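A quick note: this is a predicted structure, and the numbers were derived from the prediction, not measured. Heavy-atom basis, side chains included; hydrogens, waters and symmetry copies ignored.
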Amino acid sequence: MPRKVRASLRRLLRLKNSMLWFQLRNELWKLFGKQRTYIGSGMFFLAQSIGILLFQFGQGPYGELSRDIRHAGLSPEHFISNLTVASFLLVPIVYFLLPLYVSLVGGDMVAKEAEDGTLRMILCRPISRLRLLALKWLAGAVFSLVLVVSLGVFSAIVASVFFPSGGLFVVLPLENIFGTFEGAAAWERFAIVHFFMTFEAVTLMSLAFMFSCFNVKPAAATILAISVFFISMILHDMPYFREMREWFMVHHLYVWTHFFRQQIPWWRVGESLSILAGYNLTFIIIGCAVFQRRDIKS
């Protein structure tokens, strides 16, 4: 190939990459420029702060946690620590609040712009619908990561203000999980749990994003995604369906709970991650297929 042709191809490739980065930056700017994007982080901080204050100044929660640690044959003075309190507050927040706020953002990403009429103007430019959706989904994935990281950082900082450092004690009765960790291993598990929690957030965002590609209002897309999640959670937690738990999406969304075990079942982690990847791919394909057939410009 002639040298001039190679140089032209390299310039074209650099231009294409710079345009791709510019468009992604624009989607991130729009996403993080909305006030509702920060509702989740604000409510996480509020819920964690209230819970930590109740653990510190309320006799009931502190006493219950102390009894659980004593029944396990451990020292409450050592295991009632910043990581233990942060982890106990983490579980209900992730079970109930995280799906709500990632679905709120995912349901807005396409449907809100279609409702406001800005999507019609965007599609008048030389950009394919598939590329537009890919950039929007990528921006939603970045938001999910930031939200989960902020959840972990807020909980660790606020808990460290009121509780000393020590071991990590975790009990999840519904998942039959019991774990104790010391020193650097405790911080490592706490960080790994939040990393794998991102897969839950991204999957739920993808579910809401799929509904957002339909011809529905943003609130309807969010409600549909939340409804699917809670139906799956209700069926998953019913004792009559215990033998069928692996059939429900929620079972694999909770892949992060395996990292609170003493021995990590890597084969279960790999199975859940592969299934979640299939869920995300399915949601994206359905959303793209529906969006390609929508009449938005008229």
Side-chain angles (χ1 to χ4, degrees), residues 36-58 60-62 64-65 68 80-107 140-141 143-163 168-175 177-179 181 186-187 189-205 207-208 222 225-230 232-234 236-237 249-261 272 276:
R36 68 175 63 192
T37 301
Y38 301 96
I39 294 177
S41 299
M43 293 306 298
F44 286 162
F45 182 75
L46 179 63
Q48 290 164 346
S49 300
I50 293 174
I52 289 170
L53 289 174
L54 290 175
F55 263 108
Q56 174 66 15
F57 300 107
Y62 191 94
E64 290 288 338
L65 181 57
D68 289 340
I80 298 183
S81 64
N82 50 359
L83 291 183
T84 297
V85 173
S87 297
F88 269 90
L89 294 173
L90 171 73
V91 175
I93 289 175
V94 174
Y95 278 7
F96 297 103
L97 292 184
L98 182 64
L100 174 62
Y101 295 120
V102 294
S103 297
L104 178 64
V105 171
F143 163 78
S144 301
L145 175 63
V146 172
L147 185 63
V148 172
V149 169
S150 66
L151 171 63
V153 171
F154 286 164
S155 61
I157 291 176
V158 177
S160 298
V161 173
F162 296 96
F163 294 91
L168 171 59
F169 173 84
V170 180
V171 175
L172 302 178
L174 292 178
E175 306 294 332
I177 292 176
F178 171 80
F181 308 95
W187 284 100
R189 289 300 180 98
F190 188 77
I192 292 175
V193 163
H194 282 81
F195 172 76
F196 281 90
M197 201 179 293
T198 305
F199 292 94
E200 175 182 352
V202 171
T203 304
L204 292 171
M205 185 278 301
L207 177 62
T222 301
I226 290 293
S227 300
V228 171
F229 169 77
F230 278 114
S232 177
M233 186 179 70
I234 291 169
H236 176 268
D237 292 341
M249 181 177 64
V250 167
H251 180 79
H252 303 288
L253 290 176
Y254 296 159
V255 60
W256 52 271
T257 60
H258 293 305
F259 294 91
F260 279 134
R261 300 181 187 272
S272 293
L276 290 180

(request) Take H194 and L90, measure what side-chain contact (heavy atoms from CB on, under 4.5 Å) needs, and give me the verdict at the end. (result) CA-CA 10 Å; H194 282 81; L90 171 73; 3.7 Å; yes
(message) Taking the ring of Y95 and the ring of Y254, is the distance between their centroids below 6.0 Å?
(response) yes
(message) Could you report the tightest heavy-atom contact between L168 and A186, atom names first, then the distance?
(response) CB-CB, 3.7 Å
(message) Within this structure, what is the CE-NE2 distance for the pair M233 and H251, rounded to the nearest 0.5 Å?
(response) 15.5 Å
(message) Distance check, rounded to the nearest 0.5 Å: S272 atom OG versus L253 atom CG?
(response) 9.0 Å
(message) Please report the interatomic distance OG1(T198) to CG(L98), rounded to the nearest 0.5 Å.
(response) 9.0 Å
(message) When you measure from the side chain of R189 to the backbone of R261, do you find a donor-acceptor pair of N or O atoms at a distance under 3.5 Å?
(response) yes
(message) Any non-hydrogen side-chain atom of L147 less than 4.5 Å from a side-chain atom of F44?
(response) yes
(request) Could you tell me which non-hydrogen atom of M205 sits nearest to which non-hydrogen atom of S144, and how far apart they are? (result) CB-OG, 3.8 Å
(request) Taking the side chain as every heavy atom from C-beta outward, state whether V94 and M197 have any pair of such atoms under 4.5 Å apart. (result) yes
(request) Report yes if some heavy atom in the side chain of V91 is under 4.5 Å from a heavy atom in the side chain of T257; otherwise report no. (result) no
(request) Look at the side chain of S232 and the backbone N and O of V250, then say whether any donor-acceptor pair between them is shorter than 3.5 Å. (result) yes
(message) Quick one, I80 and F55 - any side-chain contact, counting heavy atoms below 4.5 Å?
(response) no
(request) Would you please say whether a donor-acceptor pair under 3.5 Å links the side chains of T84 and S87? (result) no
(message) Testing the basics here: between T203 and F199, what is the closest heavy-atom pair and its distance to 0.1 Å?
(response) OG1-O, 2.7 Å
(message) Measuring only between side-chain heavy atoms, which start at C-beta, is F163 closer than 4.5 Å to S81?
(response) no
(request) Answer yes or no: is there a side-chain heavy-atom contact under 4.5 Å between L172 and V170? (result) yes
(message) Quick check: closest heavy atoms across I52 and S155, and the distance to 0.1 Å?
(response) CD1-O, 4.1 Å
(message) To check you understand the geometry: which heavy-atom pair defines the closest contact between P99 and I226, and what is its length?
(response) O-CD1, 3.3 Å
(request) First locate atom CD1 of I39, then atom CG of L46, and finally report the distance between them rounded to the nearest 0.5 Å. (result) 13.0 Å
(message) If you compare all heavy atoms of A156 against all heavy atoms of F190, which two are closest, and at what distance to 0.1 Å?
(response) CB-CE2, 4.2 Å
(message) Check for me whether the distance between the ring centres of F169 and F178 falls short of 6.0 Å.
(response) yes
(request) Drop me the distance from M43's CE to L151's CG, to the nearest 0.5 angstrom. (result) 13.0 Å
(message) Between D68 and V171, is there a side-chain heavy-atom distance shorter than 4.5 Å?
(response) no
(request) Output, in order, the C-alpha distance, side-chain angles, deciding distance and verdict of side-chain contact (heavy atoms from CB on, under 4.5 Å) for V149 and F195. (result) CA-CA 8 Å; V149 169; F195 172 76; over 6 Å; no
(request) Take F45 and S49 through the test side-chain contact (heavy atoms from CB on, under 4.5 Å) and record every step on the way to the result. (result) CA-CA 6 Å; F45 182 75; S49 300; 3.9 Å; yes
(message) Within the 4.5 Å heavy-atom criterion, are I93 and Q48 side-chain neighbours or not?
(response) yes
(message) Keeping S103 on the side-chain end and L100 on the backbone end, is there a donor-acceptor pair under 3.5 Å?
(response) no
(request) Could you walk me through whether F96 and F229 pass the side-chain contact (heavy atoms from CB on, under 4.5 Å) test, one step at a time? (result) CA-CA 10 Å; F96 297 103; F229 169 77; over 6 Å; no
(request) Compute the ring centroids of F196 and F259, then answer whether they are less than 6.0 Å apart. (result) yes
